[in-house]
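Sequence lines set the chain letters: A, B, ... in the order given, protein chains first and strands last, and positions in each chain run from 1.
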Protein chains: 2
Amino acid sequence: MATGRTHRPATRSRGIPEATVARLPLYLRALTGLSERSVPTVSSEELAAAAGVNSAKLRKDFSYLGSYGTRGVGYDVEYLVYQISRELGLTQDWPVVIVGIGNLGAALANYGGFASRGFRVAALIDADPAMAGKPVAGIPVQHSDELEKIIADNGVSIGVIATPAGAAQPVCDRLVAAGVTSILNFAPTVLTVPDGVDVRKVDLSIELQILAFHEQRKAGEHAAAAADERKGPDGELPAVMPA
Amino acid sequence: MATGRTHRPATRSRGIPEATVARLPLYLRALTGLSERSVPTVSSEELAAAAGVNSAKLRKDFSYLGSYGTRGVGYDVEYLVYQISRELGLTQDWPVVIVGIGNLGAALANYGGFASRGFRVAALIDADPAMAGKPVAGIPVQHSDELEKIIADNGVSIGVIATPAGAAQPVCDRLVAAGVTSILNFAPTVLTVPDGVDVRKVDLSIELQILAFHEQRKAGEHAAAAADERKGPDGELPAVMPA
DNA sequence: GACTGTGAATAGGTTCACAGCC
DNA sequence: GGCTGTGAACCTATTCACAGTC
């Protein structure tokens, strides 16, 4: 009870679960593919397969958006594309800035998947003066001195951070101060932001580590029983605390 | 431990929840930072802050690994680093191949976060013959004809796919046939794999779309009180999106 | 007194299974 | 008959709150 409010409990109007929101882009991608092949309608079963989920989950997800299907028939592809796009806010244009134009930043600038949704790379920003003016993906890199002006001039509310870890928090602070309220962070560091600002992170090495965990388990399936319990096989390193 | 009354011994030793596994790399990163600054011990509160989670969750997570802390004191940093590394399988060397050396593949090849964990880029593979031999991040790119041989020679079990969407499934099939059992997929497509093969995906544009959803909702907060949805299912025209 | 470890309570997400409609 | 939409059952994850330990 003493714990105040950290997280606003979902808004009153539309309670779309977070897990559902995270899958909408998946459905949208699958639907876009069908649309390009001029498929008029699709069943929950087919669409679920194309999106890589199961059909019960898909139907449940769609039920949060409304009743957009037809029983006995399925879903109208074009109509669903529109509804999901609207729900995700992709019917409007989102200018984004990418800060940190190293290898990853350049890859992001070149990534086609942004433009094809409602995202437009409004500017590339880097702290290295030597980068200034150099075009990447056809867009000239601007120096980070310009950051605040760029954000303001373009009405940017989404920023992508692809800087080294050490630069991420200061960059984040400046973005937020300049008016950015959503941040996609590729730097391997935890960002602190004020309430009302959303941060999502993508950490490339974390994904690999999760794979390694499962991979290890597969490998150890033969000899699983052996080195299992806390009597760990300390091959090396500090074996403090016996527990 | 926990020889209490619980009548379900089943989930004892190897039952680490997936959500916990996904956070272990986060803790590890925070701990590594502390270790570099020679901090000897850390409380759940401090470590949780550094990792960006709350302390109850962290303690619960650690309780699945075992009792590695000391009441009244906290956790020994070095010891925890070791235990988590071992749990994640990072005390061994994981050779990985990266397939598709475009902008993103090159960024991944250059990404320092891999090497610093147990990951070693064993080879870079691309289908473009013009790329063959060109060094990227100091590693010469090899042609995809060599894929099977490379996997076998290096004992690779983890593959990273950074190809265009269309090439991803064929590449995936070849990786799996050659013995790869874990795949990190950056291509915006759903991969189909046999049982026993793990796939994790990272889709850059999906993350942005999720941000857009929340961003849109923030923007509408002023006018939120207005029409509270539930508008007629066919009130809007499915005006198809621009390509 | 400080802090971990963990049952119990709660919240969130998934799957089942079937009613309702085409 | 085929397929959606959804309450109910189930499962997973998070948070609470406090007993246990140093």
Side-chain angles (χ1 to χ4, degrees), chain A residues 1-11 15-24 26-27 39-49 51-77 79-80 83 210 230 240-243, chain B residues 1-12 14-24 26-27 31 39-49 51-77 79-80 83 230 233-234:
Chain A
M1 315 331 178
T3 7
R5 53 188 11 84
T6 338
H7 247 273
R8 216 53 133 67
T11 39
I16 301 183
E18 200 43 46
T20 294
V21 172
R23 281 187 296 267
L24 292 181
L26 239 55
Y27 301 141
V39 176
T41 61
V42 67
S43 70
S44 63
E45 201 74 53
E46 294 164 330
L47 182 54
V53 305
N54 73 52
S55 63
K57 197 185 284 182
L58 177 143
R59 288 200 301 279
K60 191 66 151 182
D61 284 343
F62 285 0
S63 80
Y64 293 119
L65 308 184
S67 293
Y68 294 149
T70 308
R71 293 170 204 239
V73 178
Y75 300 93
D76 181 277
V77 171
Y79 187 62
L80 249 194
Q83 290 298 345
I210 297 170
R230 66 184 120 315
V240 198
M241 310 175 100
Chain B
M1 52 147 4
T3 353
R5 69 255 296 267
T6 44
H7 218 266
R8 310 178 31 207
T11 33
R12 165 40 214 150
R14 285 296 76 159
I16 302 183
E18 198 47 41
T20 294
V21 172
R23 281 187 295 265
L24 291 182
L26 239 57
Y27 301 141
L31 284 164
V39 177
T41 61
V42 67
S43 70
S44 62
E45 201 74 52
E46 294 164 330
L47 182 53
V53 304
N54 73 51
S55 63
K57 196 184 287 182
L58 177 143
R59 287 199 304 276
K60 190 67 153 180
D61 283 342
F62 286 0
S63 79
Y64 293 118
L65 307 184
S67 293
Y68 293 149
T70 306
R71 293 170 203 237
V73 178
Y75 300 93
D76 181 279
V77 171
Y79 187 63
L80 249 194
Q83 290 299 345
R230 209 64 281 167
D234 57 357

Under the side chain to side chain contact (heavy atoms under 4.5 Å, CB included) test, residues paired with [X] that sit two or more places apart:
X	value
Ser55(B)	Ser44(B), Glu45(B), Ala48(B), Arg59(B)
Ala49(A)	none
Thr70(A)	Val73(A)

(message) Judged by each residue's nearest nucleotide on DNA chain D, which is more toward the 5′ side, Gly72(B) or Gly74(A)?
(response)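 It is Gly74(A), whose closest nucleotide lies nearer the 5' terminus.
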(request) Name all residues meeting the side-chain hydrogen bond (donor to acceptor under 3.5 Å, both in side chains) criterion together with Thr41(A); count only those two or more places apart in sequence or in a different chain, and write none if there are none. (result)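 Expected list: none.
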(message) Using OP1 and OP2 only, check whether a side-chain N or O of Thr70(B) sits under 4.0 Å from dT4(C).
(response)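 No, outside the criterion.
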(request) Look at the side-chain N and O atoms of Ser44(A) and state whether any lies under 4.0 Å from the OP1 or OP2 oxygen of dT4(D). (result)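 Yes, such a contact exists.
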(request) Classify the nucleic acid contact of Phe62(A) as base, sugar-phosphate or nothing, counting any heavy atom under 4.0 Å across all strands shown. (result)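 If one applies the 4.0 Å heavy-atom cut-off, Phe62(A) turns out to touch nothing in the nucleic acid.
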(request) Indicate, with yes or no, if the rings of Tyr68(B) and Phe62(B) have centres closer together than 6.0 Å. (result)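 Ring centroids of Tyr68(B) and Phe62(B) are no less than 6.0 Å from each other.
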Spacing of [X] atom [atom1] and [Y] atom [atom2] [to the nearest 0.5 Å]:
X	Y	atom1	atom2	value
Leu24(A)	Asp61(A)	CG	CG	6.5 Å
Leu31(B)	Gln83(B)	CG	CD	11.5 Å
Arg23(B)	Thr20(B)	CZ	OG1	5.0 Å

Grab the [atom1]-[atom2] distance between [X] and [N] for me, whole Å please.
X	N	atom1	atom2	value
Glu45(B)	dG1(C)	CD	C1'	15 Å
Leu58(A)	dT6(D)	CG	C1'	14 Å
Gln83(A)	dG5(D)	CD	C1'	16 Å
Glu46(B)	dA2(C)	CD	C1'	12 Å
Tyr79(B)	dT4(C)	OH	P	16 Å
Leu47(B)	dC3(C)	CG	P	14 Å

(request) Mind grabbing the angle between the end helix axes of the helix from dG1(C)-dC22(D) to dC22(C)-dG1(D)? Five pairs an end, 10° rounding. (result)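 Here the helix ends are tilted 0° relative to one another.
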(request) Can you spot which of Leu65(B), Leu80(B), Val53(B) makes a side-chain contact (heavy atoms from CB on, under 4.5 Å) with Tyr27(B)? (result)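 Exactly one candidate clears the test, Val53(B).
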(request) Going 5' to 3' through nucleotides 10-18 of chain C, assign each nucleotide B (protein heavy atom under 4.0 Å from a base atom), S (under 4.0 Å only from sugar-phosphate atoms) or - (no protein heavy atom that close). (result) ---SSB-B-
(message) Once hydrogens and angles are ignored, does a donor-acceptor distance under 3.5 Å link the base of dT4(D) to the side chain of Arg71(A)?
(response)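 Checked by distance alone, the answer is yes.
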